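Report on the structure given below.
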Amino acid sequence: GLQEHIFILTGQRELWPLMKLADIFIRPTLSDGASVSIEEALWFGAAVVASDVCMRPKDVFLFKTGDENSLQQVVG
């Protein structure tokens with residue numbers, strides 16, 4: 001039943017309708033800048049987990065870029 005609770009999106013899409021439904025948003029990027037999707041997820045109250053590849057807003061839970069074990073530690 002896990003597949004009913006995970007969405008993997010690619011390409012250009014409006015994310016805010018999905019953000020309204022999300023409990024957690026994970027952004028595992030290898031390079032990044034100011035992320036609108038992170039801001040949207042925070043705005044709608046989702047917990048945000050992101051790679052430490054750049055500066056992130058203060059409420060974002062960070063994991064070491066490219067480190068699966070670090071990600072697992074953050075998301076539990």
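Given the structure is predicted, the values throughout are model-derived calculations rather than measurements.
- The stretch residues 35-56 participates, sequence neighbours left out, in these salt bridge (Lys or Arg N to Asp or Glu O under 4.0 Å) pairs: Asp32-Arg56.
- Once rounded to the nearest 0.5 Å, the distance linking CD1 of Ile24 with CZ of Phe61 reads 8.5 Å.
- No single ILVMFWY cluster, assembled from side-chain heavy atoms under 4.5 Å apart, contains both Val60 and Leu71.
- Under the 4.5 Å side-chain heavy-atom criterion for ILVMFWY residues, no single connected hydrophobic cluster contains both Ile26 and Val48.
- Val49 and Ile38 are members of different hydrophobic clusters when ILVMFWY side chains are connected at heavy-atom separations under 4.5 Å.
- When all heavy atoms of Ser51 and Phe63 are compared, the closest pair comes out as N-CE2, 3.2 Å.
- For CZ of Phe44, the number of neighbouring non-hydrogen atoms (other residues, nucleotides, ligands) closer than 6.0 Å is greater than 12.
- In this structure, Gly33 and Cys54 approach most closely via the heavy-atom pair O-SG, 3.8 Å.
- Atom CD of Gln72 sits in a crowded spot, with more than 12 heavy atoms from other residues, nucleotides or ligands closer than 6.0 Å.
- Note that NZ of Lys20 is 12.0 Å distant from CH2 of Trp43, once rounded to the nearest 0.5 Å.
- By the side-chain hydrogen bond (donor to acceptor under 3.5 Å, both in side chains) test, Ser70 pairs with no residue at all, sequence neighbours left out.
- Here the CG-CZ distance, from Leu62 to Arg27, works out to 13.0 Å after rounding to the nearest 0.5 Å.
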